[in-house]
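Since the model is a prediction, treat every value here as computed from it, not as a measurement. Order of the sequence lines sets the chain letters (A, B, ...), proteins ahead of strands, with each chain counted from 1.
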Amino acid sequence: MKRILIILLVLSILSIFSVTSLAGVEVRIVGWGGVDQSIVEELINIFVVPELAGKGITAIYEPIVDDFQKNLINSLSAGTAGDLFYMDIFWAEYIIKAGQVEPLDDYLTKSTVISKDDIIPSLLNAFTFDGKVYGIPKDFNSLALVYNKDLFDVAGVPYPDENDTWDDLENKLAKVVEAFNGEVAGLALAPEFARFGAFAYAAGWEPFVDGKTNLMDPAFKEAFNWYTGLKEKGLGVMPADIGQGWGGGALTTEKVAAALEGAWILGFLRDNAPNLKYGATLLPKNPRTGQRGNFIYTVAWGLNANSNNKDAAFKVLEALTSPAAQQWILERGLAIPSRKALADNPYFEKDTPEAQANKIVFLGASAGNVKPFKFKEYGDQWMNPINIALSEVMSGQKTADEALEIAQEQLNELMK
Amino acid sequence: MENKWSSLKEKTAPYILLSPFLFGFIIFFGYAFIRSLYFSFTDYDLFSIPNWVGIKNYINLFKEHLFATALRNSLTFAIIVTTLQTIFALLLAVVMNQKIRGIRYFRAAYYMPSVTSSIVITLIFMWMFQRQGVINYLLTIFRRYGLIIGVFLTFLVGIQLLLVVREKLRSRPVEYFEPGYIILSIILAAIITYVLKDFGIIKPIEAKAVDIFWLNTREKVPFWGGPFAFPRPLGAIMILNIWTTTPTFMILYLAGLQDIPRVLYEAADVDGATGLQKLWYITVPQLKHITFLVVTLGLIGTLQMFDQVKIIGNQAPLESTITLAYYVYQSAFPGASAPKVGMASAAAIILAVLTLTVVLIQKIFSGEGRELRD
């Protein structure tokens with residue numbers, strides 16, 4: 001008798017558990033750690049919970065602090081990845097081609113919250129392969145010329161503006177450097193294609209022609225010589241040479257007049273240099289082509305193709321990218337959302353430096369020769385030879401021709 | 001019956017006690033090893049079903065420029081670091097074995113680099129190796145005042161020799177490092193150097209600041225090294241690695257030193273052996289088995305070096321720091337493209353075989369284990 005009672009008890013406990021797990025679907029969202037954790041958790045609380053709690057759908061955020069992409073690839077391969085995950089344009093192509101990401105076209109046609117037409121086309125195209133959409137861009141970034149207003153004021157030099165060509169900018173930087181007797185370097189020049197590339201694009205360079213990269217192209221060399229020439233003329237400095245890791249850090253030392261960064265610099269400046277008066281403008285135009293260049297950095301939400309809760313996950317995705325949620329992100333200056341309709345948002349007309357810089361970044365993504373920040377399936381391996389060439393030339397170890405020749409050889413080896 | 005049961009229990013007991021370890025060993029080593037071995041013959045990319053490709057991965061590896069660089073870097077690194085760290089560890093242990101006041105403090109202090117996190121130390125060294133870092137600063141100081149230091153040292157050695165030889169000629173028992181004379185020589189040499197500098201006969205050299213690129217360069221050192229030259233960033237990692245691992249092996253040598261019978265040294269003293277002779281003819285041979293252990297552990301550790309390359313990351317060009325272990329990682333997670341798990345596994349197998357071979361060669365040459373066979 002006693003035994004039967006125990007069995008009944010165990011069975012009833014088990015059934016309670018199984019019933020609750022049937023009723024509630026939990027959608028796991030995987031993304032970066034740091035600021036993203038607080039942003040997404042707040043988004044979940046404000047937008048996902050009120051919308052979906054009644055339908056038995058809950059969402060949790062699982063931050064991956066370091067090496068997000070390696071972690072994602074491993075968990076996708078092991079079948080333990082989240083239902084929704086961040087996909088950076090830089091590496092998304094591979095996991096999409098490996099069939100790990102669900103095409104969203106059917107979901108989007110049925111949806112009443114979001115459709116393909118709502119999203120800025122260049123962003124959506126970046127995640128479209130063979131005519132199918134695999135990711136909903138959550139936000140994006142581009143490069144702007146962020147400058148220290150005080151340094152220009154003290155030197156009595158007009159601020160850089162959107163009509164500047166490379167030569168105009170160079171002249172302005174030269175005047176600032178002269179006014180401070182060389183105590184201030186002009187531009188923070190990171191030896192990275194992620195910054196320099198925008199100038200190569202402005203000169204009309206195409207990174208891939210018939211599947212090959214040609215660094216000997218006159219347009220590339222023109223941009224390379226201008227960028228590294230700034231350093232040689234004393235109008236620029238590598239952030240590492242003043243003990244900083246990147247342009248944002250260099251700007252906070254007040255020893256450089258300007259840096260090339262995206263909207264990610266704004267939160268950093270707010271925290272690390274609250275008294276720095278900064279402005280932002282579009283990157284200068286190439287004097288020959290009259291064009292600007294830029295990168296689009298973007299991250300999308302991907303839906304796990306092997307998820308058991310795809311419908312629930314898409315509902316969460318809708319809540320995360322709803323007009324209200326994107327408005328909330330924009331107004332807090334966290335990122336620049338991907339909905340077209342937000343271009344006319346009154347936020348961009350606000351007179352704060354942050355709103356103005358965000359507007360510049362927003363405009364930068366459609367001004368001139370703009371390309372997504374991705375290099376086919378090569379990624380870092382494609383950029384590294386160029387980065388090393390930049391740093392070798394700027395540190396005076398090699399001439400431009402020597403360094404580019406080695407870089408070209410390495411790229412040929414990579415792309416053979 | 002009773003007897004049989006107890007003998008069975010006795011036989012199985014060791015296996016039961018071993019089982020927790022065996023369990024871990026089989027799952028995390030045995031299984032993983034067999035999987036890697038299998039993957040090394042396939043084109044596995046983490047998502048598609050692996051196809052058998054035979055030894056294609058191995059052939060491709062040897063065609064790849066980066067793998068050749070990694071192999072070369074790994075071997076150079078292992079040989080140089082193991083040699084130097086073994087010598088330094090032995091010398092440090094002999095010094096730390098002296099019976100002087102506060103020796104416990106010194107032992108603990110010298111052991112610090114080994115117990116500190118390798119990541120933290122690498123980050124600190126990355127600062128020191130910057131262009132305007134501490135290391136270049138010290139080299140600048142040395143270059144500027146090198147002449148003065150040189151003059152001082154020359155006089156120091158000269159005066160000491162003069163004093164000792166004078167005593168020796170009078171057939172008095174005196175050592176070359178007689179403490180009283182050393183103090184006298186230091187004072188005299190310092191006075192002479194000061195006077196020379198004051199009169200302007202020697203002065204600091206007006207040298208430019210040393211500007212060596214320790215990390216961000218593809219230059220090879222030594223420049224006369226030809227095929228044996230290695231990239232300077234790898235040299236920086238060598239310095240760092242020797243500094244952190246020497247104390248670990250020093251502890252092993254210290255333990256070994258305690259076991260050497262004192263009578264051997266006493267007998268040597270009676271025969272009038274010098275300190276150097278005692279080190280070479282007693283200490284080194286008596287520590288042979290420890291040396292074998294130190295060299296083996298050193299080779300295994302250096303061939304698998306990974307963390308420091310990973311942390312230095314983009315601060316140095318890949319081909320200047322890549323080692324075999326990092327090559328494996330890089331192929332398994334190549335950034336934006338498909339993971340080349342097949343190639344990575346093949347490289348890992350080669351690394352394992354290489355490690356085994358090097359240790360075996362070392363064993364044959366050192367003659368260790370012979371007494372076991374005899």
Query raised in the report: Is it true that atom CD of A/Glu405 has more than 12 heavy atoms of other residues, nucleotides or ligands lying nearer than 6.0 Å?
Result: no
Query raised in the report: Which answer fits A/Leu76, side chain, backbone, both or neither, if we ask what part of it has an atom under 4.5 Å from a heavy atom of chain B?
Result: both
Query raised in the report: CZ/B/Arg131 to CG/A/Asp241 distance, rounded to the nearest 0.5 angstrom?
Result: 5.0 Å
Report task. Please say whether more than 12 non-hydrogen atoms of neighbouring residues, nucleotides or ligands are located less than 6.0 Å from NZ in A/Lys70. Result -> yes
Query raised in the report: Above 12 or not: heavy atoms from other molecules or residues under 6.0 Å from NZ of A/Lys132?
Result: no
Report task. Please determine, among A/Pro191, A/Ser395, A/Ala78, A/Ser391, the option with the most heavy-atom pairs under 4.5 Å with chain B. Result -> A/Ser395
Query raised in the report: For chain A, which residues from residues 44-66 of chain B have at least one heavy atom closer than 4.5 Å to it?
Result: B/Tyr44, B/Asp45, B/Leu46, B/Phe47, B/His65
Report task. Locate the shortest heavy-atom distance separating B/Asn216 from A/Gln397; write the atom from each residue and the value. Result -> O-NE2, 2.8 Å
Query - Top contributor to chain B interface from A/Gln100, A/Lys398, A/Gln410 [non-hydrogen pairs under 4.5 Å] - result: A/Gln100
Report summary line: The interface call for A/Glu93 against chain B, heavy-atom contacts under 4.5 Å, is neither
Report summary line: Scanning both residues in full, the closest heavy-atom pair of A/Gly379 with B/Ala336 reads CA-CB, 3.5 Å
Query raised in the report: By a 4.5 Å heavy-atom criterion (distance strictly below it), what part of A/Asn387 contacts chain B: side chain, backbone, both, or neither?
Result: neither
Query raised in the report: Under 6.0 Å from the CZ atom of B/Phe306, do we count more than 12 heavy atoms belonging to anything else shown?
Result: yes
**Report entry** Over 12 foreign heavy atoms within 6.0 Å of CH2, A/Trp264
**Finding:** yes
Report task. Start with the C-alpha gap between A/Asn74 and B/Phe333, add the side-chain angles, then the distance that decides, and say whether side chain to side chain contact (heavy atoms under 4.5 Å, CB included) holds. Result -> CA-CA 10 Å; A/Asn74 263 336; B/Phe333 300 107; 3.5 Å; yes
Query raised in the report: Considering only heavy atoms, which portion of B/Gln315 lies under 4.5 Å from any heavy atom of chain A: side chain, backbone, both, or neither?
Result: neither
Report task. Decide if atom CZ of A/Phe208 counts as having more than 12 heavy atoms of other residues, nucleotides or ligands within a radius under 6.0 Å. Result -> yes
Query raised in the report: Got a sec: does the OH of B/Tyr38 have more than 12 other heavy atoms crowding it under 6.0 Å?
Result: yes
Query raised in the report: Under 6.0 Å from the CD1 atom of B/Ile119, do we count more than 12 heavy atoms belonging to anything else shown?
Result: no
Requested in this report: List the atom of B/Ser337, the atom of A/Gln381, and the distance in Å for their closest heavy-atom pair.
Outcome: OG-OE1, 4.0 Å
